[in-house]
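Structure, as structure tokens:
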Amino acid sequence: MPFMFRVTSLTEMPEAQLNRWIKRIGLLLLVGIVAFVAFYAVDRFRAPTASIADRDVAALEEAVRNDPSDVVVRGQLADTYVAKGRYDDAIPLYTQILATGKEQRPASFGRGRALELKGDLAGAAADYQKVVELSTGGEMANVDAMLAQAYYGLGSIALKTDKPQDAVDNLTKALRIKRTDADTMNLLGAAYVKVGQPDKAIAQLENAILFVPIGWAEPYQSLSAAYAAKGEADMAEWAAAMAAAQGGDTAGATGRLEAIKDGQAGLKARISLGLIAEQSGDTATAATWYRAALELEPENKAATMGLSRVTDGTQSHPSIAPSPSAEGSN
């Protein structure tokens, strides 16, 4: 039998010859592995492809070349340019669409947005105003998202150009359409601060952070100014500390909030300390501070919801809440 013959032959080889065969076989295996890896790498290699956004731009550019009269595709290309920050490429496309007399609202809004982002506030305001003129009186005006965005744009520009009352007027109209838009509430609150109406400012800014309590410093900065205008130093300090926290100084903010946790702003300070701890992943400390807030106001929704989040809902409304210890507040 051949197989048995080979085995017998190998067993009868001198040791030196057998070692040479083993080395040869090992070398062949190594060469084979290297060759296989090289072939696999070549077979699998692909040249780097363009990003999805770049492929989208290329496809839309080709579509526009193929059918220059398609204003919808031209608008999609302009929108994509804006998304990529190519405002100088987008603006002529919107202008070309407007010259056709078609798609006037989206083209006016798109060009206004591109002009605003580029820094041409006067040009942007004119386009946003055109959207308002084309939309006002329509059947769906009270739920028209584009109209709300145009009013928001006008309000934002008015605030940037030191026309706070114009900002109040336009942002109020935007908020009537999108009643839960935190960005609009934030800008409206800032505008109310500028026109000297801190109570109205506080109402809007508190609503803004109720919807989005973390991740942005602007509403807290405006709140601090509004409370300072009312002479409420602790509340102004609470808001300023939270602005600092959202700006990245959580250690400094924590110290400032702990200093006022038993004063006029105690409830907000304790809830904020809970939020900061929760953001950092320290759920035990966050729970301690939320319980401390519930000591001051047992039915407080923000503290109740915060405690529920960090305890998986198992302690959503404790009847007895211990005060934070020195260890737990660090």
Side-chain angles (χ1 to χ4, degrees), residues 50-179 181-188 190-191:
S51 70
I52 292 174
D54 290 338
R55 291 200 300 270
D56 288 345
V57 168
L60 288 167
E61 287 173 338
E62 180 66 22
V64 169
R65 284 192 292 270
N66 291 337
D67 186 1
S69 65
D70 191 336
V71 296
V72 173
V73 173
R74 193 176 292 271
Q76 290 172 345
L77 176 58
D79 292 344
T80 305
Y81 281 151
V82 172
K84 291 179 67 63
R86 294 172 58 178
Y87 310 127
D88 287 332
D89 292 324
I91 291 166
L93 290 177
Y94 289 126
T95 302
Q96 292 163 11
I97 294 170
L98 290 169
T100 69
K102 302 175 183 178
E103 301 293 329
Q104 296 293 286
R105 279 200 344 140
S108 294
F109 179 80
R111 188 172 69 176
R113 182 64 178 149
L115 288 168
E116 182 183 4
L117 291 170
K118 186 183 175 183
D120 183 354
L121 300 185
D127 277 334
Y128 288 145
Q129 188 59 47
K130 183 66 174 177
V131 175
V132 171
E133 292 169 3
L134 292 170
S135 307
T136 304
E139 286 185 21
M140 306 299 289
N142 61 333
V143 291
D144 188 336
M146 186 177 291
L147 178 57
Q149 290 176 313
Y151 279 132
Y152 178 90
L154 287 169
S156 175
I157 290 169
L159 202 55
K160 291 174 184 175
T161 54
D162 200 26
K163 299 175 182 175
Q165 187 55 56
D166 288 348
V168 167
D169 295 340
N170 283 293
L171 292 167
T172 299
K173 291 173 183 176
L175 199 57
R176 286 178 188 148
I177 299 171
K178 296 181 70 176
R179 297 179 183 277
D181 189 81
D183 289 319
T184 303
M185 294 171 189
N186 172 46
L187 279 193
L188 182 54

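We're numbering straight along the sequence, starting at 1.
- Counting heavy-atom neighbours within 6.0 Å of Lys102 NZ, excluding the residue itself, gives a total of 12 or less.
- The closest side-chain heavy-atom distance from Val57 to Arg86 is below 4.5 Å.
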- Task: Applying side-chain contact (heavy atoms from CB on, under 4.5 Å), run through Thr95 and Ile91 and close with a yes or a no.
- Result: CA-CA 6 Å; Thr95 302; Ile91 291 166; 4.2 Å; yes
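- Note on Asp144 versus Arg105: salt bridge recorded, some NZ/NE/NH1/NH2 to OD/OE distance being below 4.0 Å.
- A pairwise comparison of heavy atoms in Asn170 and Gly155 identifies CB-N, 3.8 Å as the closest pair.
- Nearest approach of Val73 to Ala63, heavy atoms of both residues: CG1-CB, 3.7 Å.
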- Task: Starting from the C-alpha separation in whole Å, work towards a yes-or-no answer on side-chain contact (heavy atoms from CB on, under 4.5 Å) for Leu147 and Lys173.
- Result: CA-CA 9 Å; Leu147 178 57; Lys173 291 173 183 176; over 6 Å; no
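- With hydrogens and angles disregarded, no donor-acceptor distance shorter than 3.5 Å links the side chain of Thr136 to the backbone of Glu133.
- In this structure, Ala125 and Ile157 approach most closely via the heavy-atom pair N-CD1, 3.7 Å.
- Scanning all heavy atoms of the two residues, the minimum distance from Thr184 to Tyr152 falls at OG1-CD1, 3.4 Å.
- Separating the CG atom in Leu77 from the CD atom in Glu62 is a distance of 11.5 Å, to the nearest 0.5 Å.
- Ala167 approaches Ala158 most closely through the heavy-atom pair N-CB, 3.5 Å.
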- Walk me through it: do Asp79 and Tyr94 pass the test side-chain contact (heavy atoms from CB on, under 4.5 Å)? CA-CA 9 Å; Asp79 292 344; Tyr94 289 126; 2.5 Å; yes
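- Using a 4.5 Å heavy-atom cutoff, the side chains of Ser135 and Met140 are not in contact.
- The aromatic ring centroids of Tyr81 and Tyr87 lie 6.0 Å or more from each other.
- Comment: Asp166 does not engage Lys163 in a salt bridge, judged by the lack of any side-chain N to carboxylate O separation of less than 4.0 angstrom.
- Side-chain contact between Leu159 and Leu187 is present, with at least one heavy-atom pair separated by less than 4.5 Å.
- When atom types are taken as modelled, the side chain of Gln76 and the backbone of Leu60 share no donor-acceptor pair closer than 3.5 angstrom.
- For the pair Ile177/Asn142, no side-chain contact is recorded, criterion being any heavy-atom separation below 4.5 Å from C-beta on.
- At a cut-off of 3.5 Å, with distance as the only test, a side-chain donor of Tyr128 or Glu116 sits close to an acceptor on the other residue.
- Not a single side chain to side chain donor-acceptor pair (under 3.5 Å) links Asp162 to another residue, sequence neighbours left out.
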- Take Leu154 and Val132, measure what side-chain contact (heavy atoms from CB on, under 4.5 Å) needs, and give me the verdict at the end. CA-CA 10 Å; Leu154 287 169; Val132 171; 3.9 Å; yes
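- Of all non-hydrogen atoms in Thr161 and Leu121, the two that sit nearest each other are CG2-CD1, 4.0 Å.
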